[in-house]
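Please read the structure below before turning to the comments.
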There are 2 protein chains.
Amino acid sequence: MSRIDRNYPEPQRSLHGKIYEILESNIINGVYKPGDCLSESKLSEELGVSRTPIREAFRQLEHEGLVVYKPNRGVVVRGFSEEDIQDIYKIRLMLEGMTARRATENITPEQLEELKETIELEEFYTNKNDVKQLARLDSHFHEIIYIASGSRFLIKTLRKFHHYLGKIRSISLSDPERAKKTLIEHKGIFESIQSKDREMAEILMEQHIRNATRYIEKKKDKAE
Amino acid sequence: MSRIDRNYPEPQRSLHGKIYEILESNIINGVYKPGDCLSESKLSEELGVSRTPIREAFRQLEHEGLVVYKPNRGVVVRGFSEEDIQDIYKIRLMLEGMTARRATENITPEQLEELKETIELEEFYTNKNDVKQLARLDSHFHEIIYIASGSRFLIKTLRKFHHYLGKIRSISLSDPERAKKTLIEHKGIFESIQSKDREMAEILMEQHIRNATRYIEKKKDKAE
DNA sequence: TTTTGTATTATTGTATACAAATATACATGC
DNA sequence: GCATGTATATTTGTATACAATAATACAAAA
């Protein structure tokens, strides 16, 4: 085996992990609707794998609460309701501020630099109106703060919540006004963290979540 | 088959569910230490089942973050550190108050009655110093409030946190002084909820968590 | 002695086989 | 027509078989 092969091994991910991601994404994005029954045999055929890794993915989705397990009948999709989405925003409002405060206390220079670069890229893509990149960078911005908080539970919980909101976030960021406002808010949070102002980081993060929530609410009201 | 057998069917739970509970409990209670490797084959032999349901249980534990998955090597136990426990209390401080407030808004008369009965039993067992029953009732008290909050995410998150702290809670409740204080605090929370005083329910619940945290901290300081 | 290559062993990853449970279709009786 | 019982088909639940990967032991060379 050559040296290059040893240095660049392929990811070598297990099948159940990939299948889990596919199914989770299909549930989050509404490909599978709440109430849909997922069949091991059918998915097994569709994806061209045996039932074993599919069952393993099911167990993860079940644990996550995205599907409900019916003994000897398989799993039915749960998905998210309007209320669930609002609920997530309410809980985030409680947790994101705390996370930003703790991140301010624990952040490393490298993470701070990464945060800065992320914001610079956000600025670039905001001007270009590249929604896909903006969504990616937004996730990255928050992800760094989650990790810097040093709390495995906050990381796990908020990462999931953020992931669940992926669709709605893209909608928000496709509005140039909201994208610009997001950038300004991110900059404020970054500067607070950089200057080690815990309180301000907490307050600005809470405002950021509140503004995101308000934007969605307003958008929804208009649509009705 | 007798009629009695038909009226009281066994739960008919799947194996992977039972195995998951066994393993989770072993991790939470420190039977498996952080760093321990869990082997499918060994557990399969020990428990007298095939590897399939064990793998399914592993996938749930993995998703929960209680074990870390190593491709082609199995899973290693993660468990909880001192910091993790403190961390859980910090996060609960943010979430339990909100949950109590929302429970006050949504609680049903039946749930209120159940809460009342739980506290009456708590009073009974506090006088008898029955720690096991007190731990069970404490969980039940909080569980009712979680459910009454109507938020599937709060239910899921806080239920887990509460479960993780089972061991430490039993230690607290085995101190008659702390048990009495817990009862008084629960009563206060119950009365706020009953009289639909959201703010007070939130404040008292936060105090309750804060007091529980302080007690643990003090206990730890003494031990050192 | 240390290192490295190789054979062996053990473990996981996936597929498949069979048992158990459930749903479905259809016939039978009312 | 409607309900009920039964046979069939389908699906899940579990066990097992085989393949792939990684760890281990050991021998050979530097």
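The sequence lines fix the lettering, A, B, ..., with proteins before strands; numbering per chain opens at 1.
- Between B:Arg102 and B:Glu105, no side-chain nitrogen of the basic residue sits less than 4.0 Å from a carboxylate oxygen of the acidic one, so the salt-bridge criterion is not met.
- One finds a side-chain N or O of B:Arg55 lying less than 4.0 angstrom from the OP1 or OP2 phosphate oxygen of C:dG13.
- Residue A:Lys70 contributes atom NZ, which lies 25 Å from atom P of C:dA20 at whole-angstrom precision.
- Distance NE2 (A:His16) to P (C:dT14): 8 Å, rounded to an integer number of Å.
- Where A:Val49 and B:Gly74 meet DNA chain C, the nucleotide closest to each residue was compared, and B:Gly74 sits on the side nearer the 5' end.
- Taking only side-chain atoms of A:Asn72, from C-beta outward, the nucleotide of C:dA15, C:dG13, C:dA21 with the closest atom is C:dA21.
- Computed from coordinates, the A:Leu15 CG to D:dA19 P distance equals 17 Å when rounded to whole Å.
- Within the nucleic acid shown, B:Phe58 has no heavy atom closer than 4.0 Å to any nucleic acid atom.
- Of the side-chain N and O atoms in A:Ser41, none sit less than 4.0 angstrom from OP1 or OP2 of D:dT10.
- The NZ atom of B:Lys132 sits 12.5 Å away from atom CG of B:Leu137, with the distance rounded to the nearest 0.5 Å.
- Note: NZ (A:Lys42) to C1' (D:dT11) measures 12 Å, nearest angstrom.
- A:Ile54 has its CD1 atom 11 Å from the P atom of C:dT14, to the nearest Å.
- Side-chain proximity of A:Ser50 to C:dG13, D:dA15, C:dA15: nearest is C:dA15.
- The closest side-chain donor-acceptor pair between A:Glu185 and A:His208 falls under 3.5 angstrom.
- Checked against C:dA23, D:dT12, C:dT12, the side chain of B:Glu40 finds its nearest nucleotide in C:dT12.
- Looking at B:Asp87, its side chain never comes within 3.5 Å of a backbone N or O of B:Glu83 through a donor-acceptor pair.
- Summarising the geometry, the separation between CD on B:Glu45 and P on C:dT11 is reported as 9 Å, rounded to the nearest angstrom.
- A distance of 5.0 Å separates CG of B:Leu112 from CD of B:Gln194, quoted to the nearest 0.5 Å.
- Taking atom CD1 of residue B:Ile19 and atom P of nucleotide D:dG13, one finds them 13 Å apart after rounding to whole Å.
- In this model, the phosphate group of C:dA23 is approached by a side-chain N or O of A:Arg73 to a distance below 4.0 Å at OP1 or OP2.
- One atom, CZ of A:Arg51, and another, C1' of C:dT14, lie 13 Å apart when rounded to the nearest Å.
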